[in-house]
Amino acid sequence: MNLYEQVGYFCDRAFEKINLKESHKSILKNCYRELDVQIVIHGQDGEPKEYRGFRIQHNGARGPYKGGIRYHQMVDINEVRALASLMTWKNAIVDVPFGGAKGGIRVDPTKLTKKELETLTRSFVRKIDMALGTHRDIPAPDLNTNPQVMAWIMDEYGRKHGHTPAIVTGKPLELGGSKGRISATGLGVFIITKEICSKLEIPLQTSKAIVQGFGNVGSYTAEFLYRAGVKVIAIQDAYATLHNDSGIDVVKLVKYLKETGGIKGFKGAEEINSKDFFSVKSTIVIPAALENVITKEIAKKLDCKIVVEAANGPTTMEADSILNEKGVVVIPDILANAGGVTCSYFEWTQNLTEYYWDEEKVNEELRKIMVRAFSEVYELSKKEKVTIRDAAFLLAVKRVNTAMQLRGAF
Ligand code: NAD
């Protein structure tokens with residue numbers, strides 16, 4: 001099953017619980033609007049180069065569409081649909097007033113110069129302009145896009161519509177970005193990990209964690225865990241896998257990452273074969289890199305108590321069933337990594353009100369929302385006797401369904 005089919009499968013399970021009509025199911029599952037555009041830019045050699053760009057809006061019943069834009073050579077329309085749908089459910093779980101969207105350009109950004117990336121981004125914005133708006137659709141960063149790309153999006157949109165910081169989130173601080181945005185997803189993952197450990201009566205101080213991915217989400221998550229007393233015993237990025245059963249000094253590793261751009265060569269741990277990463281026995285497993293990395297083979301050998309999905313879609317469906325059978329508690333992506341979009345909501349609010357918060361307020365508001373969302377999902381899972389993933393989808397589907405009914409769509 002691809003990610004789109006997997007998301008559909010979990011939606012179906014939630015639909016069954018609330019006895020939705022067939023026609024309503026299909027409306028909730030399918031996307032509202034799909035833009036699939038041709039982008040042509042001229043390379044340094046003067047030759048035209050063609051790219052495909054997508055912006056897909058899944059459901060806007062609860063508010064303007066919201067979701068990131070990714071640049072990757074593997075971007076395909078079904079993946080964007082799935083990610084747009086996940087955004088609808090994620091925003092409903094944390095109860096921020098947004099619908100769900102996602103976008104992407106099929107491009108390997110490492111092959112483009114900075115100028116070409118800017119031209120590509122600006123051209124894409126012009127092509128999807130009619131679907132954007134501060135109360136219609138608000139993009140954000142995702143894989144291989146960053147505050148600079150968001151700044152180009154804001155600037156290009158502003159050429160036609162006037163200065164509009166609230167059109168995009170994840171902007172540089174100097175252009176109306178929010179304090180705390182850079183660490184928000186990792187902080188959210190940490191808060192959720194802390195909450196589940198407390199429910200399961202697992203003390204953080206005696207826990208061990210392994211973290212796959214040491215980019216934005218993985219590095220902040222690992223650092224928050226480390227500072228809370230968790231022993232982070234294995235860390236993997238695209239180029240190296242580090243292991244130290246006494247615990248890696250994550251603060252030093254973050255410093256090393258900033259100096260070298262990776263974790264390879266770090267002296268405070270032993271480098272092991274990448275294939276052995278998921279065999280390291282731990283309490284908490286944090287996949288914070290790619291989709292579909294926890295396959296059924298990996299699920300069978302994982303020796304842990306909790307998996308917290310910091311990445312989007314890291315566990316395949318078969319693996320999810322195996323983990324459930326083994327009694328491993330899985331915290332789904334739509335809850336675990338919702339800290340990023342929650343902070344994006346704060347950024348949008350600050351842009352619209354033109355009043356900016358300090359980092360303490362951002363982090364405290366984030367904590368309140370993540371703790372509330374966790375508690376609502378956890379209680380529902382107990383009440384309905386379902387997994388936390390099923391409870392998360394159920395809560396989200398109920399909220400979106402209610403909004404559709406109140407609007408008169410159903
Ligand atoms: P990033 O690009 O900053 O970091 C990705 C990390 O994964 C890097 O350390 C990279 O080396 C590592 N990686 C890549 N390929 C790997 C491989 N084959 N094996 C092991 N490690 C590998 O990305 P990010 O922003 O940290 O996002 C990570 C995940 O979290 C993605 O699934 C993303 O969609 C999701 N996510 C991110 C945010 C956010 O705010 N950044 C919010 C929600 C979800």
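Since the structure is predicted, the reported quantities are computational estimates derived from the model, not experimental observations. Remember, it's 1-based here, ligands and their atoms both numbered in the order they're listed. No hydrogens, no waters, no symmetry mates; every other heavy atom, side chains included, goes into these values.
Note: no N/O pair closer than 3.5 Å links G218 and ligand 1 by distance alone. Here's the thing with T185: one of its N/O atoms is less than 3.5 angstrom from an N/O atom of ligand 1.
Tested against E376 for a salt bridge (Lys or Arg N to Asp or Glu O under 4.0 Å), the candidates R399, K382, K398 yield a single pass: R399.
Only side-chain heavy atoms of R70 come within less than 4.0 Å of ligand 1; its backbone N, CA, C and O stay farther off. Only the backbone of A310 comes within 4.0 Å of ligand 1, judged by heavy-atom distances. The side chain of R181, and not its backbone, has at least one atom closer than 4.0 Å to an atom of ligand 1 (non-hydrogen atoms only; side chain from C-beta on). Looking at V293 against ligand 1, nothing comes within 4.0 Å, counting heavy atoms. At a heavy-atom distance under 4.0 Å, only backbone atoms of A288 (N, CA, C or O) approach ligand 1.
Protein heavy atom in closest approach to atom 41 (N) of ligand 1: N216 OD1, 3.5 Å. In terms of protein heavy-atom proximity, atom 34 (O) of ligand 1 is nearest to N312 ND2, 3.0 Å. Ranking the protein heavy atoms by distance from atom 6 (C) of ligand 1 puts G215 N, 3.7 Å first. Of all protein heavy atoms, the one lying nearest to atom 14 (C) of ligand 1 is A238 CB, 3.7 Å. Of the protein's heavy atoms, L290 CD1, 3.7 Å lies nearest to atom 17 (C) of ligand 1. V217 CG2, 3.9 Å is the protein heavy atom nearest to atom 24 (P) of ligand 1. Among all non-hydrogen protein atoms, the one lying nearest atom 29 (C) of ligand 1 is A289 O, 3.5 Å. Atom 21 (N) of ligand 1 has as its closest protein heavy atom D237 C, 3.2 Å.
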For K300 and E297: C-alpha separation, side-chain torsions, deciding distance, then whether salt bridge (Lys or Arg N to Asp or Glu O under 4.0 Å) applies. CA-CA 5 Å; K300 280 181 199 156; E297 292 75 24; 5.6 Å; no
Give the C-alpha distance, both sets of side-chain angles, the deciding distance and a yes or no for side-chain contact (heavy atoms from CB on, under 4.5 Å) between L187 and Y220. CA-CA 7 Å; L187 179 56; Y220 277 106; over 6 Å; no
Let me see the working for W348 and F98 under ring-ring contact (aromatic ring centres under 6.0 Å, His included), right down to the final yes or no. CA-CA 11 Å; W348 179 72; F98 290 135; 5.0 Å; yes
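Interatomic distance, OG1 of T316 versus CG of L3, reported as 11.0 Å (0.5 Å rounding).
Between D12 and K29 a salt bridge is recorded (basic side-chain N to carboxylate O distance below 4.0 Å). Salt bridge E156/R122: present, at least one basic N to carboxylate O contact under 4.0 Å. Between R106 and D76 there is no salt bridge, since no side-chain N of the basic residue sits under 4.0 Å from a carboxylate O of the acidic one.
For K305, the NZ atom counts as loosely surrounded, since its 6.0 Å shell holds 12 or fewer non-hydrogen atoms of other residues, nucleotides or ligands.
Cation-pi geometry between R389 and F10 is met: the NZ or CZ atom falls under 6.0 Å from the ring centre, inside 45° of the normal.
The protein does not reach atom 2 (O) of ligand 1 closely, with no heavy atom under 4.0 angstrom from it.
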